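The structure appears right after this line, and notes come after that.
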2 protein chains.
Amino acid sequence: MKIGHLAKSVGIDIQTVRYYESQGLLTEPNRMENGYRDFPVDSIKRLQFIKKAKLVGFTLKEIKELLAIQVTKDKHTCQEVKNFTQIKLDEINQKIKKLTEIESALKKIHSLCCGGSEKASHCSILQALES
Amino acid sequence: MKIGHLAKSVGIDIQTVRYYESQGLLTEPNRMENGYRDFPVDSIKRLQFIKKAKLVGFTLKEIKELLAIQVTKDKHTCQEVKNFTQIKLDEINQKIKKLTEIESALKKIHSLCCGGSEKASHCSILQALES
DNA sequence: ATTGACCCTATAGTATACTTTAGGGTTTAT
DNA sequence: ATAAACCCTAAAGTATACTATAGGGTCAAT
Ligand SMILES: [Zn+2]
Ligand SMILES: [Zn+2]
Ligand SMILES: [Zn+2]
Ligand SMILES: [Zn+2]
């Protein structure tokens, strides 16, 4: 399977495929006589895996680690894999919590600002966050 | 307050403080006779806000805008501030929504995994990412 | 035979957000 | 007085994740 076909069927850029290969996220494909890359069919799955994992907030480095676990499944335990996602889950929940704090601070400013004539001269996002 | 003290009390690097100043996230501090920066006390709050906002995925540019929101009657009209905070609120809610989606997707696959010490060949997290 | 679509490598560029280095001057404690 | 600890600027380097460019070869169709 040529790179263009692969890229298209996954919905990413050709350059990105080559980039992923260069970063070790795809194993080096065979070459055809003319030098073109000849990807095995399951590269599609692998790229879809990468895409999905990226979508849920994994970095390429992390994805590489995940892929390494994936290809040597019998050398790793469910516990390892589960720990990995647990850490990510914790991170995401932390983020949601902080965002909610910022949101309510902003909301406060937002509602403060429609009263018109009252003194609001010192109101900033920093002060709104304090209380 | 000297830069080292400030940096330490917020838990970031001195260089980073100077970088933020250079990017306009901190207002230019006064200088002491010897040329050392003399930060006002509330720089701590400002930096803590930056830290928090960064953690939840705001870029420095966005943080700069957030910090610039001040309900100052003499500088902005109520309309302006209100419009701006509304836009930012929408952005934040978008972020929360996205993160929540990612969280539930991750949670779902996370809960499928047995987490046991057996080999990950059957691991449902990996299967879920594959499919 | 030539156009257009495809493939190749290597290198450089982009954006964000630092971090490090080089080469200094200043303060504080012993 | 001298060493450790602190401060300064300016510029270069790093990491992430691409994206673009230059310069060229290959393939299918008209
Ligand atoms: Zn107002
Ligand atoms: Zn108002
Ligand atoms: Zn299991
Ligand atoms: Zn499992």
Side-chain angles (χ1 to χ4, degrees), chain A residues 1-41 43-44 46-68 88 91 95 98, chain B residues 1-41 43-44 46-68 91 95 98 102:
Chain A
M1 178 183 247
K2 282 189 280 182
I3 195 167
H5 187 183
L6 174 62
K8 203 165 198 176
S9 58
V10 179
I12 62 176
D13 203 277
I14 287 179
Q15 311 277 40
T16 306
V17 176
R18 286 201 273 252
Y19 175 68
Y20 287 166
E21 186 195 324
S22 81
Q23 300 305 298
L25 279 97
L26 301 175
T27 48
E28 267 192 34
N30 293 330
R31 295 299 179 125
M32 307 190 295
E33 280 152 38
N34 55 18
Y36 288 14
R37 287 172 180 79
D38 187 13
F39 287 97
V41 186
S43 297
I44 294 179
R46 217 177 156 86
L47 277 177
Q48 280 167 345
F49 179 96
I50 294 169
K51 210 179 166 186
K52 207 173 232 177
K54 255 178 56 67
L55 210 73
V56 295
F58 289 103
T59 65
L60 292 191
K61 201 181 159 199
E62 289 167 333
I63 294 170
K64 206 174 161 184
E65 288 172 0
L66 266 177
L67 282 165
K88 271 285 143 185
E91 279 174 24
K95 280 187 189 188
K98 303 239 169 186
Chain B
M1 180 185 247
K2 280 190 282 180
I3 195 167
H5 186 183
L6 173 61
K8 202 163 199 176
S9 57
V10 179
I12 63 175
D13 203 278
I14 287 179
Q15 312 278 41
T16 306
V17 177
R18 287 201 273 252
Y19 175 69
Y20 287 165
E21 185 195 325
S22 81
Q23 301 303 299
L25 279 99
L26 301 175
T27 48
E28 267 193 36
N30 294 330
R31 296 298 180 127
M32 307 188 296
E33 278 153 40
N34 54 18
Y36 288 14
R37 287 171 180 78
D38 187 12
F39 287 96
V41 186
S43 298
I44 294 179
R46 218 173 156 89
L47 279 176
Q48 280 167 343
F49 176 85
I50 294 170
K51 213 179 166 187
K52 197 183 230 174
K54 254 180 57 59
L55 209 76
V56 298
F58 285 104
T59 64
L60 293 191
K61 202 182 156 198
E62 289 168 332
I63 295 170
K64 203 174 161 184
E65 286 174 359
L66 280 174
L67 282 167
E91 284 172 14
K95 263 182 206 222
K98 228 178 213 167
I102 289 173

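Computed from a predicted model, the values in this text were never measured in an experiment. Each chain gets a letter, A, B and so on, in the order the sequences are listed, and its residues count up from 1.
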For this session: For A/Lys8 and C/dC6, give me the distance from atom NZ to atom C1', rounded to whole Å.
Result: 11 Å
Seminar exercise, completed: The contact string for nucleotides 18-25 of chain C, one letter per nucleotide 5' to 3', using protein heavy atoms under 4.0 Å with B, S and - for base, sugar-phosphate only and none, comes out as BSBB---B
Problem set entry | Qualifying residues under salt bridge (Lys or Arg N to Asp or Glu O under 4.0 Å), relative to A/Arg46, sequence neighbours excluded | none
Exercise. When the distance from CD1 of A/Ile14 to P of C/dT9 is rounded to whole Å, what number comes out?
Worked result: 12 Å
Exercise. So what does A/Arg37 hit on the nucleic acid, given a heavy-atom distance under 4.0 Å: a base, only sugar-phosphate, or nothing?
Worked result: sugar-phosphate
Problem set entry | Rounded distance in Å - NZ (A/Lys2) to P (C/dC7) | 6 Å
Exercise. Just the endpoints, please: which first and last nucleotides of DNA chain D, 5' to 3', lie under 4.0 Å from a heavy atom of chain A?
Worked result: D/dA17 to D/dC27
Exercise. Is any side-chain heavy atom of A/Lys64 less than 4.5 Å from a side-chain heavy atom of A/Thr59?
Worked result: no
For this session: Could you check if a side-chain atom of B/Leu60 sits within less than 4.5 angstrom of a side-chain atom of B/Tyr19, using non-hydrogen atoms only?
Result: yes
For this session: Round to a whole Å and report the spacing from NE2 of A/His5 to P of C/dA5.
Result: 18 Å
Exercise. For the pair made of CE in A/Met32 and P in C/dC7, what is the distance, rounded to whole Å?
Worked result: 8 Å
Exercise. Taking the side chain as C-beta and beyond, is there a heavy-atom pair between B/Arg31 and B/Arg37 under 4.5 Å?
Worked result: yes
Seminar exercise, completed: Closest non-hydrogen contact found for B/Lys51 with B/Gly11 is NZ-O, 3.9 Å
Exercise. Looking at A/Leu67 and A/Leu25, what are the two nearest heavy atoms and their distance?
Worked result: CD1-O, 3.7 Å
For this session: Evaluate the side-chain proximity of B/Leu47 to B/Thr16: yes if any heavy-atom separation is below 4.5 Å, no if none is.
Result: no
For this session: Could you tell me the separation between the CD atom of A/Glu21 and the P atom of C/dC7, rounded to a whole number of Å?
Result: 13 Å
Exercise. Does B/Arg18 come within less than 4.0 Å of B/Glu21, counting only side-chain N to carboxylate O?
Worked result: no
Exercise. Under 4.5 Å between any side-chain heavy atoms of A/Phe39 and A/Ile44, yes or no?
Worked result: no
Exercise. Taking CG from A/Leu6 and P from C/dC8, how many angstroms apart are they, rounded to a whole number?
Worked result: 11 Å
